[in-house]
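For the numbers below, each heavy atom of this structure counts, side chains included, while hydrogens, waters and symmetry mates do not. Convention: sequence-line order gives letters A, B, ...; per-chain numbering from 1.
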Amino acid sequence: MKLHFHNTLGRKLQEFESLEPGRVGMYCCGPTVYHYAHIGNLRTYVNEDFLRRALEYAGYAVNHVVNITDVGHLTSDADDGDDKMEKGAAREGRTVWEIAAHYTEAFLRDWQRLNLLQPTHWPKATDYIPQQISLVQELESRGYAYRTSDALYFDTEKFAAYGDFAGIKMDKLLAGVRVDLGDKKNPTDFALWKISPKDKRRAMEWESPWGVGFPGWHVECSAMSTALIGKTLDIHCGGTDHIRVHHTNEIAQSECAHDGVPFARFWLHNEFLKTEDSDKMSKSSGEFLTLQVLVDRGFHALDYRYFCATAHYRKFLTFSWPNLESARDAHRAFRRRTAPLVAAFQASQVPSATLPGDAKIWQDRFEEALGQDLNIPKALGVAQTLARETALTEALRGRLLLDWDRVLGLSLEVSLPEPEAEAVDDDEAARIDALVAARTVARESKNWPEADRIRKELADLKVVVTDTPTGPTWKKA
RNA sequence: GGUGCCAUACCCAAGUGGCUAGGGAGCGGUCUGCAAAACCGUCAACCCCGGUUCGAAUCCGGGUGGCACCUCCA
């Protein structure tokens, strides 16, 4: 099975090949844990999970690294700006370490609820300070760094290919008036190590050859990816917003420190989730939606996962409640349709070695979609169509769907828990049970008007009765 | 100002030169007393104007509208 990805490096579709046969080193930029992740952040991790799963589906062993940024960097590359972690701590009256622990935990909980596979490594930036310092030392010894009063900066002029990745035309950028140079030599120069002012203590700071301070915000990704994967990554992922500054700087740092060894071979960038009024979701603009808010509104986390699967990762996806509801309905119907098929396969005990020819065609269609720049919406369409394709036996369809679910990650083999029903006290439950029993009596004597009258009465109590082969069930609406 | 992206039916959304994408909603039906679910059927689109071509949603030019990045961001 062949995989093709749109590589930001070169901006074109390219057949994927790993450096080492059968093995993939994949680094994905993770969260800064100063606040909850919003559903826009999470879209990226869901898409990266589809990628991870598609690679494993294709037979690769994936060394998957997602960093946890628990050290504050400044809110800008210039000298001013606040530290996000310290800001979070001030906001909540806690220490930065408490903030990091709390939001890391919340993040991992979302990760699990979305059924995202655990990365091979979850490195924390603060656990890799020595590696970051030595990376900066490499750069300094090779002449790529210079000192100012407050920091050690990377001199982007020394890296000829600096603007290539993002398509920045350096001469035009220089004409820009929005960049305050401060002590920097070039507007694109960025801090490798920030030195704490003599008279001020920071919550997080470390000794270094340049004085007590903290690493620049691009350094951690370079240092940790090298430590855990190697100098050259097969795949590096992130949001489109990172192309311009973060990833451009990661490339500069890494390749200069490693004497030109290419930093990453494939760059995949996720497009944003937008809200209806065309804003991207952003924490800095105030209100934002978390996964918990969706859950509180009665959605299952996997409804959101399905929602993400309906759009290609390089396209904007517009969030609105009706759009999410539509995806939820599609998701629930899909599960109801596939559950009997999966059950039929599990009961059939068919040896799963070879696939009959007519099933092979479906398999090929699904894999082809994955291979076309990870076209999950198309793959999902194939799955939806197969679920209704009666030319294949139920067991065979169940077998294919279960196999494909290794990529879709919807946990089709288990049923989704019912949404939290409104709490009902014992007295009320007893009254409802009595009414339902009375209705059953009426139905048994075919007294339909009476049965319907009771259904109506229950409806007034916000109770919905559903008749099943094993008798009626009810739930509070 | 610089760079780039997008426009597909009621809604979401695939599609990159000929081959029914898919889903949700709606409508009609089958089946269950009714309801729910399921199943079947149905509906409809390629922003505008030119061009290339036997053939264009798809390629090219122009226009209009929307958006993103260039400051922390997924």
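Distances were taken from every side-chain heavy atom of A/H38 (C-beta onward) to each of B/rG24, B/rA14, B/rA74; the shortest belongs to B/rA74. The side chain of A/R443 lies closest to B/rC34, out of B/rC34, B/rG24, B/rA13. Picking from B/rG22, B/rC73, B/rG24 the nucleotide with the shortest atom distance to the side chain of A/H242 gives B/rC73. For A/A451, whose side chain is taken as the heavy atoms from C-beta onward, the closest listed nucleotide among B/rG33, B/rG23, B/rC69 is B/rG33. Nearest nucleotide to the A/N375 side chain, out of B/rA74, B/rG23, B/rG15: B/rG15. The side chain of A/W217 lies closest to B/rC72, out of B/rG24, B/rC72, B/rG23.
When rounded to the nearest whole Å, the span between NZ of A/K315 and C1' of B/rA68 equals 15 Å. The nearest whole Å value for the distance from the CG atom in A/L374 to the P atom in B/rA14 is 13 Å. One interatomic measurement links the two molecules: CG of A/L324 to P of B/rA13, which rounds to 13 Å at whole-angstrom precision. For the pair A/F190 CZ and B/rU71 C1', the computed distance is 16 Å after rounding to whole Å. The CZ atom of A/R335 sits 16 Å away from the C1' atom of B/rG23 (whole-angstrom rounding). Atom CZ of A/R314 and atom P of B/rA74 are 21 Å apart (whole Å). Rounding to whole angstrom units, NZ of residue A/K84 and C1' of B/rC73 are separated by 6 Å. Taking atom CD of A/E444 as the reference point, atom C1' of B/rC34 lies 16 Å away to the nearest angstrom.
When Watson-Crick and G-U wobble pairs are counted only if both distances are under 3.5 Å, B/rU20 pairs with no nucleotide at all. The nucleotide B/rU52 finds no pairing partner, because no Watson-Crick or G-U wobble arrangement with both distances shorter than 3.5 Å includes it. In this structure B/rU58 sits in no base pair that meets the Watson-Crick or G-U test at under 3.5 Å. Base pairing annotation: B/rA37 forms no Watson-Crick or G-U wobble pair, as no partner gives both donor-acceptor distances under 3.5 Å. In this structure, B/rA44 makes no Watson-Crick or G-U wobble pair, since no nucleotide meets both defining distances under 3.5 angstrom. Under the Watson-Crick or G-U wobble criterion, with both distances below 3.5 Å, B/rC67 is paired with B/rG4. Figure legend. B/rA9 is base-paired to no nucleotide; pairs are counted as Watson-Crick or G-U wobble with both atom distances under 3.5 Å. Base pairing of B/rA25 is not made with any nucleotide, judged by Watson-Crick or G-U wobble geometry with both donor-acceptor distances under 3.5 Å.
On the C1' atoms, B/rU64 is 10 Å away from B/rC49, given to the nearest whole Å. Rounded to whole Å, the C1' atom of B/rC59 lies 8 Å from the corresponding atom of B/rU52. A distance of about 7 Å separates the P atoms of B/rC47 and B/rA9, rounded to the whole Å. Comparing B/rU32 with B/rC39, their C1' atoms are spaced 12 Å from each other, to the whole Å. Rounded to the nearest Å, the gap between the C1' atom of B/rG4 and that of B/rA45 is 27 Å. The gap from the P atom of B/rC12 to that of B/rG51 amounts to 32 Å, rounded to the nearest Å. Rounded to whole Å, the C1' atom of B/rA56 lies 46 Å from the corresponding atom of B/rA36. The P atoms of B/rG18 and B/rC34 are separated by 48 Å, rounded to the nearest whole Å.
Nucleic acid contact class of A/A327 (heavy atoms, under 4.0 Å, all strands): none. Base contact: A/R439 has a heavy atom under 4.0 Å from a base atom. At a threshold of 4.0 angstrom between heavy atoms, the contacts of A/H312 are confined to the sugar-phosphate backbone, with no base atom among them. Using a 4.0 Å heavy-atom criterion, one finds that A/F307 contacts no nucleic acid atom at all. Residue A/R336 is classed as a sugar-phosphate contact, given heavy-atom separations below 4.0 Å to backbone atoms only.
For residues 439-449 of chain A, every residue pair satisfying the salt bridge (Lys or Arg N to Asp or Glu O under 4.0 Å) rule, not counting sequence neighbours, is listed here: A/R439-A/D467, A/R443-A/D467. Among residue pairs with one or both ends in residues 379-409 of chain A, those qualifying as ring pair (Phe, Tyr, Trp, His ring centres under 6.0 Å) are A/F366-A/W404; sequence neighbours excluded.
The residue among A/L317 and A/H246 whose nearest nucleotide of RNA chain B lies closer to the 5′ end is A/L317. Where A/L42 and A/H331 each meet RNA chain B at their nearest nucleotide, the meeting point lying more 5' is that of A/H331.
A close approach under 4.0 Å does not occur between any side-chain nitrogen or oxygen of A/R328 and OP1 or OP2 of B/rG24. In this structure, A/N47 does not reach the B/rA74 phosphate: none of its side-chain N or O atoms is under 4.0 Å from OP1 or OP2. Distances shorter than 4.0 Å separate some side-chain N or O of A/R388 from OP1 or OP2 on B/rC40. Remark: A/N41 is in phosphate contact with B/rA74, judged by side-chain N or O atoms under 4.0 Å from OP1 or OP2.
A donor-acceptor distance shorter than 3.5 angstrom exists from the side chain of A/R397 to the backbone of A/L392, with no hydrogens or angles considered.
Taking the six-membered ring where tryptophan is involved, the planes of A/Y103 and A/Y36 are perpendicular, since the angle between them exceeds 60° and thus also 30°. By the 30° and 60° cut-offs, the orientation of the rings of A/F266 relative to A/F5 is perpendicular. Ring-plane geometry between A/H246 and A/W217 is classed as parallel, the angle between the planes falling under 30 degrees on a 0 to 90 degree scale with a further cut at 60.
Side chain A/D452 to base B/rG33: a donor-acceptor pair is found below 3.5 Å. At a cut-off of 3.5 angstrom, counting only N and O atoms as typed in the model, there is a donor on one side and an acceptor on the other between the side-chain of A/D467 and the base of B/rC34. Looking at A/R11, its side chain has no donor and acceptor atom pair within 3.5 Å of the base of B/rG4. Put simply, the side chain of A/R455 and the base of B/rC34 share a donor and an acceptor less than 3.5 Å apart.
Inspection of the A/R265 and A/Q14 side chains reveals no N or O donor paired with an N or O acceptor under 3.5 Å.
At a threshold of 4.0 Å, the pair A/R113-A/D110 counts as salt-bridged, since one of the basic side-chain nitrogens sits closer than that to a carboxylate oxygen.
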For the pair A/N270 and A/Y45, evaluate side chain to side chain donor-acceptor pair (under 3.5 Å) and give the outcome as yes or no after the intermediate values.
CA-CA 9 Å; A/N270 289 278; A/Y45 303 117; over 6 Å; no
